[in-house]
Amino acid sequence: MTRAGAMVLFGITGDLAYKMVLPALYRLTADGVLDLPIVGVAKTDLDLAGLRERARQACGGATDAAFEKFAGNLRLVAGDYREERTFAAIRDEVAGAGFLVHYLAVPPALFGTVAQGLAGAGLHREARLVVEKPFGHDLASARELNAELLKYFDEEHLRRVDHFLGKEPVEDLIVFRLGNMLLEPIWNRNYVRNVQITMAEDFDVADRGAFYDANGTIRDVVQNHLMQLLAILAMDAPPSKDARAFIDEKWRVLRAVQDITPSAVVRGQYDGYQDTEGVRPGSTTETFVAMRAAIDNWRWAGVPFYIRSGKALPTTDLEVVAELRTPPVTLFHGELSPNLIRFRLQPDAGVTFDLLAKEPGKDATRPVPVSVDFTKVLGPMEAAYQRILTDAVTGEPRRFVRFDLAEESWRIVQPVLDLPEPPLPYAKGTWGPEAAAKMVRWHEISTTFD
Ligand code: BG6
């Protein structure tokens with residue numbers, strides 16, 4: 001792992017840079033974590049002063065000393081990614097900076113062009129290449145894209161971003177699972193009846209119609225974010241602390257996830273989606289999906305993992321609920337509801353155990369929540385992009401997607417991409433089509449700790 005002496009940020013005037021990358025770089029500068037030249041590249045009419053002003057807006061109009069320091073680190077190369085002179089200009093800007101990190105916040109169709117341009121200018125040698133999602137459109141195109149990038153950068157020097165891996169609550173699942181002997185011994189088929197993963201968003205596709213319509217929920221969040229989450233939830237303990245051991249274990253569990261079959265999937269599309277700008281008439285793209293995944297290994301055989309996600313749902317939340325088996329014999333009156341372990345990952349983070357207690361004065365049981373809000377107890381967590389960008393600079397690979405994991409994730413969802421049947425309609429603000437509700441008894445998700 002070599003720490004980069006400069007960052008080359010392709011797509012610096014784009015949306016992703018504006019919303020995520022620039023604010024995170026500013027915060028990291030303010031926190032004293034990063035202080036390095038950032039060479040922005042884009043096809044733009046802006047000059048350096050204009051870029052700095054745009055960066056200021058992206059950072060909420062910041063005027064403090066940290067922003068001035070960050071802005072002072074910005075450089076600009078305005079040019080076309082297909083032209084040699086753009087890369088010659090980059091080379092001049094980074095001369096003497098040492099090892100480089102090239103961060104590609106550009107559409108994936110340009111990944112190959114940029115990598116080739118970098119290589120043409122010799123900028124691929126002492127350097128790492130970081131690419132944003134999506135990585136491929138299906139299994140075959142992901143392999144093609146990878147083969148193209150491998151012409152210029154080897155796997156050691158490639159990093160594929162999945163910003164969910166930068167989310168502390170997601171990564172902390174490992175601590176919670178493996179650091180607590182209260183939980184670790186029961187985290188398997190003997191005690192867990194099913195696992196339910198919900199990533200709900202209460203907003204619709206808004207101005208992302210064209211992008212979304214070409215992708216749909218499975219490509220947009222299941223193949224990447226939710227498969228990574230599934231891996232972290234279900235993996236075995238790695239044999240050592242290093243990143244490679246951790247990533248290997250994630251790969252091993254994904255390897256055991258069976259291909260999703262169309263009969264284990266309910267796809268939905270919210271009413272009104274077709275009127276969105278950029279959406280093709282008669283589009284069969286899903287804006288909601290619920291699916292059942294099976295992990296055929298020693299730990300999980302027979303335990304269904306349900307995954308659901310969608311736009312225009314009742315709430316914006318990311319939560320995992322593990323439903324445990326019930327005791328073998330009923331000794332009490334009342335329903336013997338199963339214990340639930342709820343991992344809340346977004347918007348706040350924490351854990352809730354739904355346990356059974358005796359109701360005072362009655363000979364009956366009732367589930368009670370035992371809860372902890374991590375943010376209240378432990379303090380605020382770092383934003384995902386801060387961690388991703390720090391790792392991009394230092395070279396830490398743990399929170400990126402190694403290609404064999406991307407490959408397994410595509411393999412898992414491949415049979416349910418582009419299904420010919422139109423998705424089932426659902427009204428905005430509901431939990432998707434009726435058929436999804438019938439898949440399993442979904443546990444209501446806890447929208448807040450209070
Ligand atoms: C992105 C998807 O990758 O993740 C979006 O393209 C989705 O559709 C977003 O809204 C969710 O990320 P976060 O960090 O806001 O939960």
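Just so you know, ligand 1 is whichever comes first in the structure, and atom 1 is the first atom listed for that ligand.
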- Determine yes or no for a side-chain-to-main-chain donor-acceptor pair under 3.5 angstrom, with Asp162 supplying the side chain and His225 the backbone. yes
Check your understanding: Can you find a pair of side-chain heavy atoms, one from Leu158 and one from Phe400, that are under 4.5 Å apart?
Key -> no
Subject >> Check ion pair Lys69-Asp35 (N to O, under 4.0 angstrom) >> reply: yes
Residue pairs meeting ring pair (Phe, Tyr, Trp, His ring centres under 6.0 Å), one or both in residues 245-279, sequence neighbours left out, come to Tyr270-Tyr273
Find out whether Asp259 and Gln414 are in side-chain contact, i.e. whether some heavy atom of one side chain is under 4.5 Å from a heavy atom of the other. no
Per the under 4.0 Å non-hydrogen criterion, ligand 1 touches Lys133, His163, Phe164, Lys167, Met199, Glu201, Arg208, Asp220, His225, Lys311, Gln346
Just so I know, are the side chains of Leu229 and Leu345 near enough to count as touching, which here means a heavy-atom distance under 4.5 Å? yes
